[in-house]
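Right, one structure below, let's go through it.
Here is the naming used below: chain letters follow the sequence lines, and residue numbers restart at 1 for every chain.
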2 protein chains.
Amino acid sequence: MIRITRETDYGIVLMTTMARDANPPYSAAALAKQRGLPLPMVSKILKALARAGLLLSQRGALGGYSLARRPEAISAADIIDALEGPIAITECSVADLHACLHEENCAVSGHWHQINSVIRAALKGVNLLDLSRPPAAPVAFWRQRAAAEPVHLVNNS
Amino acid sequence: MIRITRETDYGIVLMTTMARDANPPYSAAALAKQRGLPLPMVSKILKALARAGLLLSQRGALGGYSLARRPEAISAADIIDALEGPIAITECSVADLHACLHEENCAVSGHWHQINSVIRAALKGVNLLDLSRPPAAPVAFWRQRAAAEPVHLVNNS
DNA sequence: ATCAATTGGTACTGGATTGGTACTATTTGG
DNA sequence: CCAAATAGTACCAATCCAGTACCAATTGAT
C-alpha cells in the first residue's frame with residue numbers, strides 16, 4: 001500500500017484546523033486538545049512545519065503558531081514535503097543516481113520519475129482551503145492501527 | 001516520503017523482465033539469477049503475482065511463470081495492487097468508514113479519496129510495455145537501504 | 001526581576017512492519 | 001520413479017515509526 005506516515009496525517013489535520021478559524025496564534029496544547037491528539041506529537045509536528053516555513057512561531061507566554069501564508073497558498077504537497085521530505089515513490093527517484101547497486105541490472109529506469117511527477121501534481125493541486133472545507137459528502141478519516149483484523153480496503157479503481 | 005515496499009519494487013522489475021523477452025515460462029531461479037535478487041524473495045513475489053492473476057504458473061519440471069496478459073494490458077497499478085493490496089494513501093481511505101475513532105474530530109474528510117483517485121489514474125496509465133522499454137534517458141533505479149547518511153532526495157516540483 | 005507559559009532541540013524506547021530464510025508438500029515431465 | 005519446479009506456511013532479524021521524556025531558550029505578565 002502506498003502510504004504516508006501518520007505524522008503527516010496529523011500534520012494535515014493540524015494545518016486544516018488552523019486554516020478553518022483564523023484566530024492565531026494557536027498553542028500546541030490547544031491544538032492537541034481540540035483534536036484529541038497526543039501533545040508531544042503535535043508539538044513535534046508543529047515544530048517541523050515551522051522549520052519548513054509553513055508556520056510562523058511565536059515563543060513565550062501567549063505565543064503559538066500561525067499559518068505563514070494564506071490557506072490557498074499552501075498545498076498538500078507542501079505539507080508532505082515538510083514532514084517527510086520530498087515526495088518520491090521509490091528510493092531510486094534520487095538525485096544521486098550512480099549510487100544504485102543494481103544499476104547494471106535495472107532496466108525499469110526513468111518511468112517512475114514520470115509517475116512521481118503526476119503524483120506531485122495531484123498533491124500540489126489540493127490546497128489547505130480545499131481541505132479545510134468539507135466536501136459534498138463528508139466521510140470519516142483515519143482509523144487507528146489498533147484494528148485487529150485485516151482492514152478491507154476499498155478498491156476505487 | 002510516499003513510498004511502496006521493496007517487494008513491490010522487485011515485483012515490477014520481475015514483471016518487466018518477463019515482458020521484455022517473451023520466452024516463457026520463466027523459473028523463479030532463472031529470474032532471480034538474471035536480476036541478481038535473492039531467490040526466496042523472487043519466489044514469494046511470483047507466487048503473489050500468480051495468485052493475483054497477473055502471471056500463469058506451470059508446475060513440475062520445465063515449469064515456471066509466464067505473463068497472463070499482454071504487457072500492454074498490465075498496469076503498474078495492477079502490480080502494486082497485487083503485491084500490497086489496493087492502493088490507499090492513508091488508512092482512512094477505507095470502506096468501513098464508521099470505524100474511524102476520530103470521527104467527530106476529523107474534518108479533513110473525503111479529499112484524500114480524490115487524491116487517491118488521481119494517483120491511481122497515474123499508475124494505471126503506465127503499463128508493462130512502457131516500463132519494459134527504456135525511455136529516452138535511462139537512469140538507475142533502486143538504491144539499497146544500506147545508504148548510511150540521509151539520502152538527499154530530488155525535489156522535482 | 002521573576003515567574004510561568006510556550007516553543008526549540010535532542011535523545012530514547014517499545015512495537016509494528018519489512019525483508020529475508022527455512023522447511024515441507026505437491027505437481028509433473030522425462 | 002526421480003528430479004525439477006511451484007505452493008504453502010511458519011519463522012527470524014533488522015529496520016523504521018509513533019510516541020515519550022527531558023531540558024534549554026524565549027517572552028509576556030505580574
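A salt bridge between R120(A) and D81(A) is present, with a side-chain N of the basic residue lying under 4.0 Å from a carboxylate O of the acidic one.
Residue R6(B) contributes atom CZ, which lies 12 Å from atom P of dT21(C) at whole-angstrom precision. Atom P of nucleotide dG19(C) and atom CG of D9(B) are separated by 9 Å, given to the nearest angstrom. Here dT13(C) presents its C1' atom at 14 Å from CE of M41(A), a figure rounded to the nearest Å. L46(A) places its CG atom 16 Å from the C1' atom of dA5(C), with the value rounded to the nearest Å. Rounded to whole Å, the distance from CG on L39(A) to C1' on dA21(D) is 12 Å. When the C1' atom of dG8(C) is taken as reference, atom CG of L56(A) falls 16 Å away, rounded to whole Å. Summarising the geometry, the separation between CG on L49(B) and P on dT6(D) is reported as 13 Å, rounded to the nearest angstrom. Computed from coordinates, the I45(B) CD1 to dT21(C) C1' distance equals 14 Å when rounded to whole Å.
Here the nucleotide nearest the side chain of Q58(B), chosen from dT27(D), dG29(C), dA18(D), is dG29(C). Nearest nucleotide to the P40(A) side chain, out of dT20(D), dT27(D), dG29(C): dT20(D). Proximity note for P38(B) (side chain, C-beta onward) versus dG30(C), dT20(D), dT21(C): the nearest is dT21(C).
Each of E7(A) and K47(A) was matched to the nucleotide of DNA chain D holding its nearest heavy atom; the match closer to the 5' end belongs to E7(A). When the nearest nucleotides of DNA chain C are assigned to A61(A) and K44(A) by heavy-atom distance, the more 5′-ward of the two goes with A61(A).
Within 4.0 Å (heavy atoms only), A50(B) reaches no atom of the nucleic acid at all. Across all strands shown, A29(A) has no heavy atoms under 4.0 Å from either base or sugar-phosphate atoms.
For dG20(C), the OP1/OP2 oxygens have a side-chain nitrogen or oxygen of Y10(B) closer than 4.0 Å. A sub-4.0 Å separation between OP1 or OP2 of dA5(D) and a side-chain N or O of S57(B) is absent.
Taking 4.5 Å as the limit, some side-chain heavy atom of K47(B) sits within range of a side-chain heavy atom of Y65(B).
With hydrogens and angles ignored, a donor-acceptor pair under 3.5 angstrom links the side chain of R59(B) to the base of dT26(C).
In R69(B), the CZ atom is crowded: over 12 heavy atoms of neighbouring residues, nucleotides or ligands sit closer than 6.0 Å.
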Can you check side chain to side chain contact (heavy atoms under 4.5 Å, CB included) on M15(B) and L55(B), steps first, answer last? CA-CA 9 Å; M15(B) 291 293 279; L55(B) 292 178; 3.7 Å; yes
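A distance of 8.0 Å separates CD1 of I79(A) from OG1 of T16(A), quoted to the nearest 0.5 Å.
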